[in-house]
Protein chains: 2
Amino acid sequence: MTSFKSVSKQDSQFGAKPAANGAHKAAIRQENEEQILAAAERVFADFGFKGATTARIAETANVPKANVHYYFSTKEALYRRIMEDVCDHWLEAAMTFDNSADPAVILRGYIEAKMDLSRARPYGSRLWAHEIIRGAKFSSGYISTTVKDWLDSRVVVIKGWIAEGKMDDIEPYSLMYMIFATTQHYADFGRQIEIFNGDRPLSEEQFAEAKENVVRIILKGVGLS
Amino acid sequence: MTSFKSVSKQDSQFGAKPAANGAHKAAIRQENEEQILAAAERVFADFGFKGATTARIAETANVPKANVHYYFSTKEALYRRIMEDVCDHWLEAAMTFDNSADPAVILRGYIEAKMDLSRARPYGSRLWAHEIIRGAKFSSGYISTTVKDWLDSRVVVIKGWIAEGKMDDIEPYSLMYMIFATTQHYADFGRQIEIFNGDRPLSEEQFAEAKENVVRIILKGVGLS
DNA sequence: TTTTAACCTGACCAAACGGTCAAGATAAAT
DNA sequence: ATTTATCTTGACCGTTTGGTCAGGTTAAAA
């Protein structure tokens, strides 16, 4: 699905899948994997691939370092696995941008979904940012296929809207990049926004207001309101 | 000026400043420092603080590793020095956002200056992104003083425009974050844009078109056109 | 010409790193 | 009850890292 080649979702030390055990053992495995994945997402987001250490991931997950390597053979396998999860979430938000309704409704829905994703999973967004800044070494294949295909199809949709006179004649890629940039900024540069906000994270009210402002500016900016 | 505490611009191994020599020696020093700084900016931008190695910086700068430490005592001192330079350039662009003319003219000028900065110095922008994602450990002081003061003063200006009915009633911080995000996106996520563009960097024409689109959407989006 | 101050660098080091392993603990299967 | 498969972990290993240093070269000053 996400096509991050050369790694299976079941990356245990023993190749196949020892998961079909009794219930207790399976539960232990699942809980430990989840704990390690959650910790790794944080640590990778905070320090990047090279900056993140397996020792710190282990410490954050509250397991011995050797146990991390029991569940995930290498640091790279763990990283790829998390990138898959991040991409799955991104794809979920992407699905809100369909072709069924009013342009303003669709665009509003997509922007709101992306903003909510930045709020709910900031670490995933920051991890993605790290990956791209570093040159997208692990994910360029995914971007040039899955993501690009999706983006190009949305560009066609937008060009259709323009041709029908429903919105201004804006270069669709510029618009999409603006949406990517602005929505993800609230996760990637969250620390900066926090400092500007008097060293306190945005409250729910502040974030809701920001979301509404982003939607308003972009919709009006392209002639959809 | 930029107030990155605890490090002087003249960070040689010998505390004081051995720069006032004969012309040749001074030239050697200047050229080597510049070469190392340029290399370090690239390497830090590509790999982050921890991911960048002094060996790689030395290799990129075409000097032996020990020579890097001759001119810059530690990796952190080198990093701080580059952050200073990045901030100086940011401040320069910030100065275009004055209070003298028509809102549309000012905003257009500032957006274009930021876009041009992303184009001319992508490594600096990406280095800044790394720094913020990592939690702004070196620069939170600078952000909470110099940058915040500047931002707050611009917010006052924008609120003035709104009060005078010159533009829509938009929360100024949301607008400024959108400008930060969108303009810097062309540097920070340049690799992603490159992939979307068929694995080729944006041409001058494409970039100029993107710049104009960003200006148009934002100006119209806040009621300034 | 001699002396001095700055520049240069191969070789080295302690610390931190990703990853391994043997030996023990626990729970499921027989 | 015994065997088997999985889970757990402290100790360990080879490599990479930031940083040091002694001994050299070069150029400016005396």
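Per chain, numbering begins at 1; letters A, B, ... match sequence-line order.
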Would you say dC17(C) has OP1 or OP2 under 4.0 Å from some side-chain N or O of Lys50(B)? yes
dC8(C) phosphate, OP1 or OP2: any side-chain N/O from Tyr71(B) under 4.0 angstrom? yes
Check this for me: does the side-chain of Lys75(B) come within 3.5 Å of the base of dG19(D) through a donor and an acceptor? no
First of Lys65(B) and Asn32(B) reached from the 5' end of DNA chain C, by closest nucleotide: Asn32(B)
Whichever of Gly51(A) and Ala66(B) has the more 5' nearest nucleotide on DNA chain C, that residue is Ala66(B)
If you find the nucleotide of DNA chain D closest to Val63(A) and the one closest to Ala55(B), which residue's nucleotide is nearer the 5' end? Val63(A)
Check each residue of residues 38-46 of chain B for a non-hydrogen atom within less than 4.0 Å of any atom in DNA chain C, then write out the ones that pass by number, or none. none
Please give, in whole Å, the distance from [N] [atom2] to [X] [atom1]?
{"X": "Asn67(A)", "N": "dT6(D)", "atom1": "CG", "atom2": "P", "answer": "15 Å"}
{"X": "Glu33(A)", "N": "dC7(D)", "atom1": "CD", "atom2": "P", "answer": "9 Å"}
{"X": "Glu31(A)", "N": "dT8(D)", "atom1": "CD", "atom2": "P", "answer": "10 Å"}
{"X": "Phe49(B)", "N": "dT17(D)", "atom1": "CZ", "atom2": "P", "answer": "14 Å"}
{"X": "Ile57(A)", "N": "dC17(C)", "atom1": "CD1", "atom2": "P", "answer": "11 Å"}
{"X": "Gln30(B)", "N": "dA6(C)", "atom1": "CD", "atom2": "P", "answer": "18 Å"}
{"X": "His69(A)", "N": "dC17(C)", "atom1": "NE2", "atom2": "C1'", "answer": "10 Å"}
{"X": "Ile28(B)", "N": "dT25(D)", "atom1": "CD1", "atom2": "C1'", "answer": "11 Å"}

Would you classify Ala58(A) as touching base, sugar-phosphate or nothing, given that sugar-phosphate means primed atoms plus P, OP1 and OP2, and contacts are heavy atoms under 4.0 Å? nothing
If you count heavy atoms of other groups shown closer than 6.0 angstrom to CZ of Arg42(A), is the number above 12? no
Heavy-atom pair with the smallest gap, counting every atom of Ala136(A) and Arg191(B): CB-CG, 4.1 Å
Taking the minimum atom-to-atom distance to the side chain of [X], which one of [options] wins?
{"X": "Pro64(B)", "options": "dG18(C), dG10(C), dC7(C)", "result": "dG10(C)"}
{"X": "Tyr70(B)", "options": "dG18(C), dC8(C), dC17(C)", "result": "dC8(C)"}
{"X": "Arg29(A)", "options": "dC17(C), dC7(D), dT8(D)", "result": "dC7(D)"}

Exercise: do [X] and [Y] side chains pair donor with acceptor under 3.5 Å:
{"X": "Glu131(B)", "Y": "Ser139(B)", "result": "yes"}
{"X": "Gln35(B)", "Y": "Asn62(B)", "result": "no"}
{"X": "Trp128(B)", "Y": "Gln192(A)", "result": "yes"}

Can you check side-chain hydrogen bond (donor to acceptor under 3.5 Å, both in side chains) on Asp152(A) and Tyr173(A), steps first, answer last? CA-CA 9 Å; Asp152(A) 289 344; Tyr173(A) 288 100; 2.6 Å; yes
For Arg80(B), is there an ion pair with Glu76(B) - N to carboxylate O distance below 4.0 angstrom? yes
Listed by chain and number, what are the side chain to side chain donor-acceptor pair (under 3.5 Å) partners of Lys211(A), not counting sequence neighbours? Asp116(A)
